[in-house]
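To start, the structure itself, in structure tokens.
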Amino acid sequence: DAKTTQPPSMDCAEGRAANLPCNHSTISGNEYVYWYRQIHSQGPQYIIHGLKNNETNEMASLIITEDRKSSTLILPHATLRDTAVYYCIVRVAFAGNNRKLIWGLGTSLAVNP
Amino acid sequence: KAGVTQTPRYLIKTRGQQVTLSCSPISGHRSVSWYQQTPGQGLQFLFEYFSETQRNKGNFPGRFSGRQFSNSRSEMNVSTLELGDSALYLCASSAESEGYNYGYTFGSGTRLTVV
């Protein structure tokens, strides 16, 4: 099963871009990369996902390298409310129609004023 | 539309007891997954249900079980509770079409404390 590796913690100044890296070197061709975040004591919140092209939505941008072995989540203008644990997850497809997400320990992002 | 609803929000049980947690998915979502989250282990996958069938299971002992009803609501049960079962239990639902998953929406979780 594909696993992800993220730095345990990062800091970012308010108003600056936050770039969160993720390594998923064993990802296979039909597996998606998902990003979620979790603010203390709440359920994880979906941010963005992608297969091989870069993606952008109202929350963030996702940059996936050409070999798909790593990706970066970009929060263009971080605010204090973006302080959370960010999870990079690879969607694993099992036989038949089975699915599950493999979760790492995530990156704890602290946005500082 | 309403999000994923988990009840109860908080629960305190004693060792040896059993507990049932409930999850109501987003309307129209037929896939429901359960996770256990503890500070040291992160999110650990418990099981996933789709159309009343368990289609995937994580590495948890048989004391952990679940089911899904025809309206897609799901319950999980933990029997013979142990102190180590204290955790945040999260439920996530998703819509799927022809094998494409449209992303998971999580509930706020049930905080279980075993004393």
Side-chain angles (χ1 to χ4, degrees), chain A residues 1-9 22 28-53 55-60 62 73 84-109, chain B residues 3-7 9-10 21 23-26 29-51 53-60 87-113:
Chain A
D1 297 337
K3 300 273 193 294
T4 61
T5 304
Q6 299 176 254
S9 63
C22 179
S28 59
N30 62 348
E31 292 173 344
Y32 290 79
V33 179
Y34 283 81
W35 282 84
Y36 285 79
R37 73 180 183 185
Q38 186 174 26
I39 297 170
H40 184 62
S41 296
Q42 298 180 23
Q45 176 192 21
Y46 166 82
I47 300 174
I48 199 167
H49 75 284
L51 183 62
K52 51 185 172 182
N53 297 321
E55 302 286 346
T56 296
N57 62 20
E58 65 279 3
M59 289 182 69
L62 173 60
L73 178 75
V85 177
Y86 287 77
Y87 295 96
C88 167
I89 303 130
V90 172
R91 174 182 173 229
V92 178
F94 284 108
N97 199 28
N98 294 334
R99 304 281 188 272
K100 77 172 184 180
L101 299 180
I102 310 284
W103 296 76
L105 294 178
T107 296
S108 178
L109 175 68
Chain B
V4 178
T5 303
Q6 291 188 248
T7 57
R9 188 75 176 90
Y10 299 94
L21 311 181
C23 173
S24 293
I26 290 174
H29 286 192
R30 292 195 292 162
S31 169
V32 174
S33 302
W34 288 89
Y35 291 84
Q36 181 195 65
Q37 186 175 32
T38 56
Q41 298 292 321
L43 275 87
Q44 302 290 315
F45 173 76
L46 280 156
F47 26 65
E48 180 189 12
Y49 288 88
F50 184 84
S51 293
T53 300
Q54 186 184 89
R55 68 179 181 184
N56 210 345
K57 189 176 188 302
N59 298 321
F60 278 81
L88 180 67
Y89 290 88
L90 292 160
C91 165
S93 76
S94 64
E96 297 186 5
S97 175
E98 298 180 344
Y100 183 81
N101 183 292
Y102 289 90
Y104 294 83
T105 303
F106 282 82
S108 297
T110 294
R111 173 75 62 185
L112 172 65
T113 302

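Within every chain, numbering begins at 1; the chains are lettered A, B, ... in the order of the sequence lines, protein sequences first and strands thereafter. Remember, predicted model here, so these are calculated numbers, not experimental data. Atoms considered below: every heavy atom in the structure, side chains included; atoms not considered: hydrogens, waters and symmetry mates.
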Side chains of B:S31 and B:E48: donor-acceptor distance under 3.5 Å anywhere? yes
Which region of A:Q38, side chain (C-beta onward) or backbone (N, CA, C, O), has a non-hydrogen atom less than 4.5 Å from a non-hydrogen atom of chain B, or is it both or neither? side chain
Close side-chain approach of A:P44 to B:L43, heavy-atom, < 4.5 Å: yes
Less than 4.5 Å to any heavy atom of chain A: does that hold for the side chain of B:Q44, its backbone, both, or neither? neither
Verify, without hydrogens or angle tests, whether B:R9 (side chain) and B:G109 (backbone) share a donor-acceptor contact under 3.5 angstrom. yes
Quick check on B:L90 against chain A: is it the side chain, the backbone, both or neither that has a heavy atom closer than 4.5 Å? side chain
Is the ring centre of A:W103 less than 6.0 Å from the ring centre of B:Y104? no
